[in-house]
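Have a look at the structure below, then the notes.
Just so we're clear, the structure is a prediction, and the values are computed from it rather than from any experiment.
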Amino acid sequence: MTPPPPPPPLGRARRKDPAVVHPALDDTALAAALDALAQGRWIVARSLLLRTGTDWDLRGHRLMALGAARSGTVWAREWQLAEPDSPDAAAFAATAAVHRVLRGKETAENARTSCLTAARAAPADPTPWLAMLLLARATGTPDEREHAFDQVRARHPGHHHAHHLMAACLAEHQQGDSDDPLHQVYDFAAWAAEQAPADSPLAVLPVVAHAERYRVLAAAGLEPADPVASGHWVTRRARQAMKAAFDWWLEWEGDADHPRGKVDLNFLAHAKYCEGRLAEAAALFHRIGPYVTAEPWGYPARDPVRAFRAARDIALRVT
C-alpha cells in the first residue's frame with residue numbers, strides 16, 4: 001500500500017514566494033557564477049568548474065547554464081585566450097556555441113566543431129556530447145541525435161539531462177492524428193527507468209515522456225491547450241507512470257541530492273496536478289519552493305511561471 005504523501009510544513013503556505021525560472025535552480029554556487037559572468041568576471045566560472053570535477057551530472061547542469069548566458073561566448077573566448085589548453089574553457093565554449101545556434105546567432109557547423117574540440121580535450125567528459133545532443137535536436141538527424149546520446153551514455157550511463165533531451169527528441173516523432181500508446185518514447189522511458197539503479201531519478205523519466213508527448217500533441221492541435229482539460233493525464237498508462245514515479249519519490253526523496261532534482265519535482269507536480277491528485281501535488285509544490293522550470297509548465301505555449309503559480313495555489317488551497 002502506498003503511504004500518504006508527507007504533510008506540508010507547519011504554518012501558512014507562502015503564496016507569494018518569488019517563483020521564477022532560473023537556469024541555476026537551487027545551485028547557489030552556479031547562480032553566483034552566472035551573476036559574476038554577467039559582470040564580466042569569468043574567473044568565478046573557472047573556479048566553479050574546477051571544484052565540480054567529474055560529477056558529470058553536476059558538470060553538465062552547470063556548463064549548460066553557463067553556456068546559455070547571453071555573454072557566455074564572449075567570456076568563453078576570453079578564457080580560451082588566457083588558457084588555450086583548458087578542457088573547461090573548451091567545454092564552456094562548446095555549450096555557449098550551441099546556445100548561440102538556438103538563438104540564431106551561430107552556424108550549426110561552427111558549434112559542432114566546438115563540441116568536437118571539447119570532446120577531444122577531455123575524452124572522458126560526456127558534457128561536449130550533451131551539447132552535441134542539444135544541437136542535434138535542433139538541427140540534426142535522428143541518427144546524429146542517437147549517436148550523441150550513445151556517446152553520453154558510454155561515459156555516464158545514467159546521465160539525467162541527456163535522457164531528458166532524448167525523451168524530448170523521440171516524443172517529437174508524430175504520425176497520424178492521435179497518440180500512439182506504443183510510441184517509442186514510452187518504450188525508451190520505461191527501458192531507462194528499469195535499467196537504472198533503484199535510487200536513480202530516471203525513475204521519473206516515464207512521466208517526462210508523457211509530458212513531452214502532450215507538448216507535441218497539443219502543439220499539433222490534437223490535445224487541448226489546457227493540460228488539465230486533456231485526457232492525456234488520466235489514461236491507464238499515465239496513472240501507472242505517475243504512481244511509480246511518486247512512489248519512488250516517497251522512498252528516495254529524503255536521500256536525493258541531485259543537481260537537477262527540481263526538474264523532476266516540477267514534472268511530477270505538473271503530472272499530479274493534471275491528474276487531479278491535489279494532495280500529492282501540494283506535497284511536491286512544498287518541496288519545489290520557488291524553483292520553477294519552463295518544462296513542463298510552459299507546455300504547449302504557456303507562461304510557465306503563471307501556470308505554476310495557478311496550479312500551486314489551487315493545490316494548496318484545496319488541501
Side-chain heavy atoms of [X] within contact of [Y], under 4.5 Å:
| X | Y | answer |
| --- | --- | --- |
| T293 | L25 | yes |
| Y299 | E295 | yes |
| L34 | H22 | yes |
| L222 | S178 | no |
| F92 | L37 | yes |
| W249 | L265 | yes |
| E212 | V185 | no |
| H99 | M64 | yes |

Between [X] and [Y], which heavy-atom pair has the shortest distance, and what is it?
| X | Y | result |
| --- | --- | --- |
| A167 | L205 | CB-CD1, 4.4 Å |
| H161 | D57 | N-OD1, 4.4 Å |
| R155 | P123 | NE-O, 2.8 Å |
| P201 | H258 | CG-CD2, 3.7 Å |
| V305 | V20 | CG2-CA, 4.1 Å |
| H210 | A238 | NE2-CB, 3.2 Å |

Are [Y] and [X] linked, directly or through intermediate hydrophobic residues, by side-chain heavy-atom contacts shorter than 4.5 Å (ILVMFWY only)?
| X | Y | answer |
| --- | --- | --- |
| L102 | M132 | yes |
| L165 | V216 | no |
| L202 | L170 | no |
| M242 | F308 | yes |

W56-H160 aromatic ring centre distance below 6.0 Å
no

Looking at the rings of F267 and H164, which for Trp means the six-membered one, are their centres under 6.0 Å apart?
yes

Please answer whether the main-chain N or O of [Y] pairs with a side-chain N or O of [X] as donor and acceptor at a distance below 3.5 Å.
| X | Y | value |
| --- | --- | --- |
| K272 | L284 | no |
| Q240 | R237 | no |
| S230 | D226 | no |
| R145 | G140 | yes |
| N266 | Y291 | yes |
| S200 | A196 | no |
| W248 | K243 | no |
| R100 | T95 | no |

Which label fits [X] and [Y]: parallel for a plane angle under 30°, tilted from 30 to 60°, or perpendicular past 60°?
| X | Y | result |
| --- | --- | --- |
| F188 | H163 | parallel |
| H183 | Y186 | perpendicular |
| Y273 | F285 | perpendicular |

Going from [atom1] on [X] to [atom2] on [Y], what distance comes out if it is rounded to the nearest 0.5 angstrom?
| X | Y | atom1 | atom2 | answer |
| --- | --- | --- | --- | --- |
| F149 | L130 | CZ | CG | 10.5 Å |
| C115 | Q151 | SG | CD | 12.5 Å |
| L30 | L66 | CG | CG | 5.5 Å |
| T141 | E144 | OG1 | CD | 3.5 Å |
| T117 | Q80 | OG1 | CD | 8.5 Å |
| R51 | R46 | CZ | CZ | 11.5 Å |

Pair R260-H61, side-chain donor/acceptor within less than 3.5 Å
no

Does one side chain, of T107 or N110, offer a donor that lies under 3.5 Å from an acceptor on the other?
yes

Between R309 and D313, is there a side-chain N and carboxylate O pair less than 4.0 Å apart?
no

Strictly below 4.0 Å, N to O, side chains only: are R62 and D27 in salt-bridge contact?
yes

Crowding at CZ, R277 (>12 non-hydrogen neighbours, <6.0 Å)
no

So with a 6.0 Å cut-off around CZ of R236, is the heavy-atom count from everything else above 12?
no

Any pair with a residue in residues 160-189 that passes salt bridge (charged side-chain N to carboxylate O under 4.0 Å, His left out), sequence neighbours left out, goes on the list, sorted by first then second residue, please.
R137-E172, E172-R215, D179-R213

Any side-chain hydrogen bond (donor to acceptor under 3.5 Å, both in side chains) pairs touching residues 122-132, not counting sequence neighbours?
R59-D125, D125-T127

According to the side-chain hydrogen bond (donor to acceptor under 3.5 Å, both in side chains) rule, which pairs have a member within residues 66-79, sequence neighbours left out?
W79-E83

For a side-chain contact (heavy atoms from CB on, under 4.5 Å) check, start with the C-alpha distance between T52 and D88, then their side-chain angles and the critical distance, and finish with the verdict.
CA-CA 11 Å; T52 304; D88 288 348; over 6 Å; no

Report the C-alpha distance between V44 and L48 in whole Å, list the side-chain angles of each, state the deciding distance to 0.1 Å, and finish with yes or no for side-chain contact (heavy atoms from CB on, under 4.5 Å).
CA-CA 6 Å; V44 180; L48 178 71; 5.6 Å; no

Before you tell me yes or no, could you show the steps for H147 and D150 under side-chain contact (heavy atoms from CB on, under 4.5 Å), namely the whole-Å CA-CA distance, both residues' side-chain angles and the distance that decides it to 0.1 Å?
CA-CA 5 Å; H147 176 68; D150 287 346; 5.6 Å; no

Trace of the side-chain contact (heavy atoms from CB on, under 4.5 Å) decision for W297 with R302:
CA-CA 7 Å; W297 296 105; R302 312 171 81 204; 5.6 Å; no

